[in-house]
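Step one of this worksheet: look at the structure below.
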Amino acid sequence: VTQESNNAKEYIDIHVANLTVKHNLDSLTTLELFSKFNTTTSEITSYGTTNFLNDDGNTTSRTDAFNDYESEKYDFSNEIKLTRKFNKEKRLLRTSYKFSQSETSSDLILRSENNFFDTINYTDTLGQDQHQLQSLKSQSHLGKFLFREPITDKWGIDLEYMIRHNTGK
């Protein structure tokens, strides 16, 4: 027979800010800027106890577990996009560049304790602690180019190129 008791607490805080600016340079050319910022903070704590009982209702062992997790994450990106239309219908030139940066840090603590009880007054305890720290950083660069040339009303040729460069540690 087992008896369990659990308790958990969770806190998450998220903030997001987005900015979009669109400017018509002339009647055929548009410049757009997109900025995004996101931050997330989270804390999760949990505690649990499990009692193992014999047929007489006496506790033979007990396990206590404690988990504590904290993390922070920041994301930031900027994108600039230039779109050029032409007098020839459906002809299009579009270029864009996007830079993204992200940073995450986390701290995890795990504790457990196992207590063993015997009817002849013998008690033993086995405990374990773990602590993990983690930090991740990344950057991304993305460039795109598109040129569309219409051949007929239903057919066209797209010339597209994309390059991406990611780094992380």
Side-chain angles (χ1 to χ4, degrees), residues 1-23 31-83 94-146 158 160-169:
V1 176
T2 60
Q3 293 176 335
E4 291 189 27
S5 170
N6 295 302
N7 187 4
K9 179 177 74 169
E10 183 175 344
Y11 168 80
I12 298 175
D13 190 32
I14 300 172
H15 299 272
V16 178
N18 296 321
L19 173 69
T20 301
V21 177
K22 186 175 181 179
H23 179 65
L31 182 67
E32 296 173 279
L33 174 66
F34 307 94
S35 289
K36 297 180 181 182
F37 178 75
N38 180 1
T39 179
T40 303
T41 302
S42 57
E43 297 175 17
I44 301 170
T45 302
S46 65
Y47 176 79
T49 299
T50 304
N51 290 306
F52 297 91
L53 309 174
N54 62 16
D55 292 338
D56 296 329
N58 297 320
T59 301
T60 58
S61 66
R62 182 181 74 231
T63 300
D64 296 305
F66 172 78
N67 298 324
D68 188 27
Y69 176 77
E70 295 178 4
S71 72
E72 290 185 1
K73 182 176 182 179
Y74 302 96
D75 294 308
F76 173 74
S77 69
N78 275 328
E79 181 177 8
I80 188 165
K81 186 185 295 185
L82 179 70
T83 304
R94 180 177 294 142
T95 61
S96 67
Y97 171 74
K98 183 176 183 177
F99 172 76
S100 302
Q101 184 170 324
S102 178
E103 184 174 336
T104 303
S105 62
S106 63
D107 185 5
L108 174 63
I109 297 173
L110 304 171
R111 288 190 184 112
S112 66
E113 187 174 283
N114 296 305
N115 295 290
F116 302 95
F117 309 104
D118 196 355
T119 57
I120 57 172
N121 298 326
Y122 174 75
T123 301
D124 191 15
T125 300
L126 176 64
Q128 184 177 14
D129 290 339
Q130 291 183 11
H131 190 193
Q132 298 175 359
L133 293 172
Q134 189 174 33
S135 179
L136 303 170
K137 295 180 181 181
S138 66
Q139 284 187 353
S140 174
H141 302 268
L142 174 65
K144 292 181 183 179
F145 170 85
L146 167 70
D158 282 5
E160 230 176 325
Y161 181 75
M162 181 190 84
I163 184 168
R164 179 185 299 242
H165 177 72
N166 294 328
T167 59
K169 55 181 174 176

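What's counted below: heavy atoms across the whole structure, side chains too, no hydrogens, waters or symmetry copies. Quick caveat: nothing in here was measured; it's all calculated off a predicted structure.
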Rounding to 0.5 Å, atoms CZ (Phe117) and CG (Asn115) come to a distance of 4.5 Å
What distance separates Lys22 NZ from Leu31 CG, expressed to the nearest 0.5 Å?
-> 11.0 Å
What is the distance from atom NZ of Lys36 to atom CD of Glu79, rounded to the nearest 0.5 Å?
-> 8.0 Å
Check Lys73, Glu70, His15, Glu72 against Thr41 for a side chain to side chain contact (heavy atoms under 4.5 Å, CB included) and give me the one that passes.
-> Glu72
Taking all non-hydrogen atoms of both residues, which atom of Asn6 and which atom of Gly48 are closest, and how far apart?
-> OD1-CA, 3.4 Å
CD/Glu113 to CZ/Arg62 distance, rounded to the nearest 0.5 angstrom?
-> 7.0 Å
Please assess Asp13 against Tyr11 for the test side-chain contact (heavy atoms from CB on, under 4.5 Å), listing each intermediate value before the final yes or no.
-> CA-CA 7 Å; Asp13 190 32; Tyr11 168 80; 3.4 Å; yes
Does atom NZ of Lys81 have more than 12 heavy-atom neighbours, drawn from other residues, nucleotides or ligands, at distances under 6.0 Å?
-> yes
Straight-line distance of Leu110 CG to Gln130 CD, nearest 0.5 Å | 5.0 Å
Check step by step if side-chain contact (heavy atoms from CB on, under 4.5 Å) holds for Lys137 and Thr167.
-> CA-CA 8 Å; Lys137 295 180 181 181; Thr167 59; over 6 Å; no
Can a donor-acceptor pair be found between the side chains of Thr95 and Tyr97 at a distance below 3.5 Å?
-> no
Looking only at heavy atoms, what is the nearest atom pair of Asn38 and Thr40, with distance?
-> OD1-OG1, 3.6 Å
When you measure from the side chain of Thr60 to the backbone N and O of Phe52, does any donor-acceptor pair fall under 3.5 Å?
-> yes
Please round to the nearest 0.5 Å and tell me the distance separating atom CG of Asn166 and atom NE2 of His141.
-> 9.0 Å
Indicate whether any N or O donor in one side chain lies under 3.5 Å from an N or O acceptor in the other, for Ser42 and Ser71.
-> yes
Judged by atom type as modelled, is there a donor-acceptor pair below 3.5 Å linking the side chain of Asp158 to the main-chain atoms of Glu160?
-> no
Glu32 side chain near Thr20 side chain, heavy-atom distance below 4.5 Å = no
Take Phe34 and Asn18 through the test side-chain contact (heavy atoms from CB on, under 4.5 Å) and record every step on the way to the result.
-> CA-CA 7 Å; Phe34 307 94; Asn18 296 321; over 6 Å; no
